Amino acid sequence: DQQVKQNSPSLSVQEGRISILNCDYTNSMFDYFLWYKKYPAEGPTFLISISSIKDKNEDGRFTVFLNKSAKHLSLHIVPSQPGDSAVYFCAASPLGSNYQLIWGAGTKLIIKP
Amino acid sequence: SAVISQKPSRDICQRGTSLTIQCQVDSQVTMMFWYRQQPGQSLTLIATANQGSEATYESGFVIDKFPISRPNLTFSTLTVSNMSPEDSSIYLCSVTGPEDGANEKLFFGSGTQLSVL
């Protein structure tokens, strides 16, 4: 049973517009959420995170929103740039997990010029 | 952040053979992990590599199939043994950040793309 779901395998967005990537989870014990970005032939790199005690975290062009009642989080990228084209993974950490992340399957973001 | 060198970056192997993947970190790290990403799927944790002791394996992964070594705080190897086509995946080494309380922030090597014929 997938505890972290990214239901969109891919997303295409015009350069300069907003990209919204979505992630749903089922385990109410998750208390920390992270987004990673992955380019081809490279390992994932940390992008942004949010604790369950918050509903928003912002870092430059990237904002993560957490809706605990809906068990849903989203990553907003604005404005989208060509270098944002990558696969984005959502990951969740249960309370006291000691770095045991549960990962979504990823969403491939394509930024069109 | 830690700099992680993982090799080989890719390999094509014959069924029944074994491949050892190396992971070298530029600084001492407390925790090292090995992940697998099967085609089109999410990352799955194989095991936690423990320095000086046996690795801690996740459900569905066993030491005979994925033996792991970690002789010191900067180096680890993962062996994929007696390979079959189902083992074709990307294998990733991962470490925690150098600071304590990094809240699950992991750093990854560039991965090993394994294809088994």
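For clarity, every value in this text was computed on a predicted model and none was experimentally measured. Proteins get letters first, then strands, A, B, ... in listed order; numbering begins at 1 in each. The analysis underlying the following values was restricted to heavy atoms, covering all of them including side chains, and did not include hydrogens, waters or symmetry mates.
Hydrophobic clustering, with ILVMFWY side chains joined whenever heavy atoms are under 4.5 angstrom apart, groups A:Tyr25 together with A:Trp35. Residue A:Phe30 is grouped with residue A:Leu73 when hydrophobic side chains (ILVMFWY) are merged at heavy-atom distances under 4.5 angstrom, including chains of intermediate members. One hydrophobic cluster holds both B:Phe61 and B:Met83 under the rule that ILVMFWY side chains link at heavy-atom gaps under 4.5 Å. There is a path of hydrophobic side-chain contacts, each under 4.5 Å, that joins A:Phe33 to A:Leu47. B:Phe66 and B:Val95 are members of different hydrophobic clusters when ILVMFWY side chains are connected at heavy-atom separations under 4.5 Å.
Taking every heavy atom of both residues into account, B:Leu106 and A:Tyr36 meet most closely at N-OH, 2.7 Å. Counting all heavy atoms, side chain and backbone alike, A:Gly43 lies closest to B:Leu92 at CA-CD2, 4.1 Å. The two residues A:Gly104 and B:Ser42 make their nearest non-hydrogen contact at O-CB, 2.8 Å.
Taking a 6.0 Å sphere around CD1 of A:Ile110, one finds it holds more than 12 heavy atoms contributed by other residues, nucleotides or ligands. Within 6.0 Å of atom CZ in A:Arg61, more than 12 heavy atoms from other residues, nucleotides or ligands are found, so the atom counts as buried in its surroundings. The environment of NZ in A:Lys108 is sparse: at most 12 heavy-atom neighbours from other residues, nucleotides or ligands sit within 6.0 Å. Atom NZ of B:Lys65 has more than 12 heavy atoms from other residues, nucleotides or ligands within 6.0 Å.
Interface remark: A:Lys38 contributes side-chain atoms only to the contact with chain B (heavy atom separation under 4.5 Å). Only the side chain of B:Glu58 comes within contact range of chain A, with heavy atoms under 4.5 Å apart. Contact of B:Leu43 with chain A is made through backbone and side chain together, with heavy-atom distances under 4.5 Å.
To the nearest 0.5 Å, the span separating CD1 on A:Ile102 from OG1 on B:Thr44 amounts to 9.0 Å.
Considering only heavy atoms from C-beta on, A:Leu101 stays 4.5 Å or farther from B:Phe33 through its side chain.
Annotation: residues 109-117 of chain B contacts chain A through B:Gly109, B:Ser110 [non-hydrogen atoms, separation under 4.5 Å].
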